[in-house]
Amino acid sequence: MKEAEFLHLAGQYCFRTRLDGSEIHGPVLARGEGSVVYDVEGKAYLDFNSGQMCATLGHNHPRIVAAIQESCRTLIHANSTLFNAPEILLAQRLASIVPRPLLKSLFLLSGSDANEAAIGLAKKYTGGFEVISPHTSFHGLSDMARMVTYAGWHKGYGPGIPGTYAMLAPYCYRCPVQHTFPTCQFACLEASFELIDAQSTGALAAVITEPLFSAGGVIEPPEGWLTELQRRCKERGMLLILDEAQTGLAKLGTMWAFEREGIIPDILTISKHFGGGVTISAVVTTAAIEERAVERGFTLTHSHAADPLGCSAALASIALIQEEDLTRQAERIGRYWRHHLDELAQRYELIGDVRGRGLIQGIELVWDREKKTPAPEAGRQIARHALEHGLLFSLRRGGSVLRFVPPFTTTEAQMDQAATILRQALETVQG
Ligand SMILES: Cc1ncc(COP(=O)(O)O)c(C=O)c1O
């Protein structure tokens with residue numbers, strides 16, 4: 001079938017609830033391998049979005065395919081009241097790659113349900129219900145996750161869930177308190193906690209944050225922010241939940257993003273490429289938190305929680321990450337790609353900022369570097385040009401941030417090719 005026929009059918013039968021718009025347009029994807037996806041017409045695209053960031057190990061990685069095939073031969077799905085073998089082995093393996101006291105894991109399906117579970121756990125553990133998240137955060141689109149997603153996508157969903165508050169994110173390029181790091185001494189945290197303390201009814205449970213705000217615009221907190229945030233949480237008896245859906249499992253050049261600061265969260269959530277393309281997520285916490293929450297009746301499961309299929313894929317993905325030293329690979333690829341982005345920034349005034357690290361990097365477009373006037377129209381034009389020329393990536397902050405998440409399998413030649421497409425696109429807009 002041709003693309004036009006597929007799109008006609010999509011118009012008739014498919015919901016248009018996509019994150020980035022409601023238009024129906026091509027390409028219609030049909031297959032993928034490594035860092036490349038192909039549409040139904042056979043045209044190839046460099047996938048610098050790694051699918052929906054879940055194919056970062058490379059599309060259809062042979063080790064993931066083999067693990068899935070084995071699971072199809074043995075057990076795809078199991079009774080989730082009982083334990084199953086791949087689930088137990090996965091929990092043990094995950095415990096070997098997180099620092100103590102993190103130890104115990106619960107497996108679910110998506111980033112959203114892992115965050116819902118983490119918040120539920122924090123409520124049960126602390127006895128509080130107030131949950132705070134930075135204003136550029138994205139934690140998913142189920143009810144609770146949406147309510148602590150302040151980067152957008154929650155307008156029109158009725159009253160917020162009581163006890164959910166926003167705090168200021170450390171968006172240094174556009175500092176929300178008009179300050180400069182490091183002289184600010186984290187003024188954004190000071191202001192946020194003054195408001196949190198003023199609003200709190202005395203039932204603080206947790207702060208949930210990404211260590212690098214991906215969907216919010218590839219915003220990386222300055223070093224020390226997480227440490228200071230955790231200190232303030234501890235002072236108030238709140239837990240720190242780190243959502244490493246996008247940043248974990250080697251993507252930033254370390255196994256976990258929090259390693260850069262040497263802190264350890266109370267609860268860690270993992271999803272995206274955890275299953276190498278198959279849906280599975282995890283909530284990891286300490287034995288003490290698990291113990292108290294269970295004593296207080298914490299229950300969380302779904303029909304497909306801890307399915308052997310997803311657990312087997314996740315076991316294969318951790319083995320792959322460790323055995324192929326993907327942390328070093330992310331660091332190496334990231335450095336190479338950054339070199340291209342820096343070069344483009346030197347050449348095109350339109351690029352106001354280059355940021356991120358490892359396999360999550362982005363550029364922010366501005367019409368004027370002094371005034372930092374956002375240039376979303378330019379972003380949309382560049383993305384259209386790139387798509388026509390075979391490069392996929394996503395737009396954030398309404399179009400003014402281009403976010404690149406290439407898979408670990410991306411070669412230097414593929415990055416050179418992507419940079420050439422971007423340069424041509426920038427040329428057509430700025431030129
Ligand atoms: C940081 C983060 N957390 C949670 C989610 C939600 O994950 P899911 O779409 O699997 O529910 C996302 C999705 O992009 C994310 O980027």
Side-chain angles (χ1 to χ4, degrees), residues 91 94 98-135 137-150 154 160-167 169 189 192-193 195-197 199-211 226-245 247-248 256-258 263-271 281-302 305:
L94 194 50
V98 292
R100 295 290 169 272
L102 295 176
L103 183 70
K104 294 207 165 190
S105 296
L106 161 69
F107 300 115
L108 296 163
L109 281 162
S110 66
S112 306
D113 66 14
N115 288 330
E116 298 267 345
I119 290 170
L121 189 58
K123 287 182 179 176
K124 278 285 188 192
Y125 178 78
T126 58
F129 68 95
E130 292 167 322
V131 183
I132 294 113
S133 183
H135 79 282
S137 59
F138 188 97
H139 296 296
L141 298 183
S142 56
D143 279 359
M144 184 68 198
R146 190 192 288 272
M147 284 306 151
V148 289
T149 286
Y150 293 108
H154 71 202
I161 294 174
T164 52
Y165 314 134
M167 60 183 277
L189 276 179
S192 293
F193 276 86
L195 277 176
I196 290 165
D197 290 338
Q199 287 180 91
S200 173
T201 59
L204 292 168
V207 166
I208 179 166
T209 186
E210 298 157 81
L226 270 182
T227 308
E228 182 54 23
L229 173 63
Q230 187 170 51
R231 188 186 69 72
R232 288 170 188 265
C233 287
K234 278 194 178 139
E235 250 174 23
R236 291 161 177 81
M238 308 163 76
L239 300 189
L240 176 63
I241 304 170
L242 285 189
D243 175 353
E244 293 239 20
T247 54
W256 310 107
F258 62 74
I263 63 138
I264 300 170
D266 301 292
I267 305 176
L268 168 68
T269 60
I270 310 164
S271 51
S281 61
V283 181
V284 190
T285 193
T286 68
I289 293 175
E290 189 258 5
E291 179 77 27
R292 194 196 291 182
V294 172
E295 260 171 32
R296 293 180 171 180
F298 177 67
T299 309
L300 209 137
T301 186
H302 296 299

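Pairs passing the side-chain hydrogen bond (donor to acceptor under 3.5 Å, both in side chains) check and including a residue from residues 120-132, sequence neighbours excluded, read E130-Y165, E130-S200, E130-T201.
Here the side chains of K234 and L240 are not in contact, with every heavy-atom distance at 4.5 Å or above.
The backbone N or O of H139 sits less than 3.5 Å from a side-chain atom of N115, completing a donor-acceptor pair. T149 places a side-chain N or O within donor-acceptor distance of the main-chain N or O of G140, the cut-off being under 3.5 Å.
Scanning for side chain to side chain contact (heavy atoms under 4.5 Å, CB included) contacts around L141 gives L19, F138, R146, W153, with sequence neighbours left out. Not counting sequence neighbours, the partners of R231 by the salt bridge (charged side-chain N to carboxylate O under 4.0 Å, His left out) test are E228, E235. With sequence neighbours left out, the ring-ring contact (aromatic ring centres under 6.0 Å, His included) criterion links Y150 to H154. Partners of T247 according to the side-chain hydrogen bond (donor to acceptor under 3.5 Å, both in side chains) rule, which considers only residues two or more places apart in sequence or in another chain, are E244. Qualifying side-chain hydrogen bond (donor to acceptor under 3.5 Å, both in side chains) partners for S137, counting only residues two or more places apart in sequence or in other chains: S133.
Of all heavy-atom pairs between V284 and S105, the closest is CG2-OG, 3.7 Å. Nearest heavy-atom pair across G248 and W256 is CA-CE3, 3.7 Å.
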Worksheet entry | Check against side-chain contact (heavy atoms from CB on, under 4.5 Å), I270 and L94 | CA-CA 10 Å; I270 310 164; L94 194 50; 3.9 Å; yes
Worksheet entry | Stepwise side-chain contact (heavy atoms from CB on, under 4.5 Å) check, L229 with M167 | CA-CA 11 Å; L229 173 63; M167 60 183 277; 3.9 Å; yes
Practice prompt. Check the pair I289 / L239 against side-chain contact (heavy atoms from CB on, under 4.5 Å), numbers first and verdict last.
Written response: CA-CA 10 Å; I289 293 175; L239 300 189; 4.1 Å; yes
Item to complete: Please assess L242 against T209 for the test side-chain contact (heavy atoms from CB on, under 4.5 Å), listing each intermediate value before the final yes or no.
Response: CA-CA 5 Å; L242 285 189; T209 186; 3.5 Å; yes
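Rounded to the nearest 0.5 angstrom, R232 CZ and I196 CD1 are separated by 9.0 Å. Note: Q230 CD to M238 CE = 12.0 Å, rounded to the nearest 0.5 Å. Rounding to the nearest 0.5 Å gives a distance of 9.5 Å between OG1 of T164 and CZ of F129. In this structure, the separation between CG on L121 and CD1 on I267 is 4.0 Å, given to the nearest 0.5 Å. The CZ atom of F193 lies 6.5 Å from the CD1 atom of I132; values are rounded to the nearest 0.5 Å. Taking CG of D266 as the start and CD1 of I241 as the end, the distance is 8.5 Å to the nearest 0.5 Å.
Annotation for D197: atom CG counts as buried by contact number, over 12 foreign heavy atoms lying within 6.0 Å.
Using modelled atom types and a 3.5 Å distance limit, the side chains of S142 and D113 yield no donor-acceptor pair.
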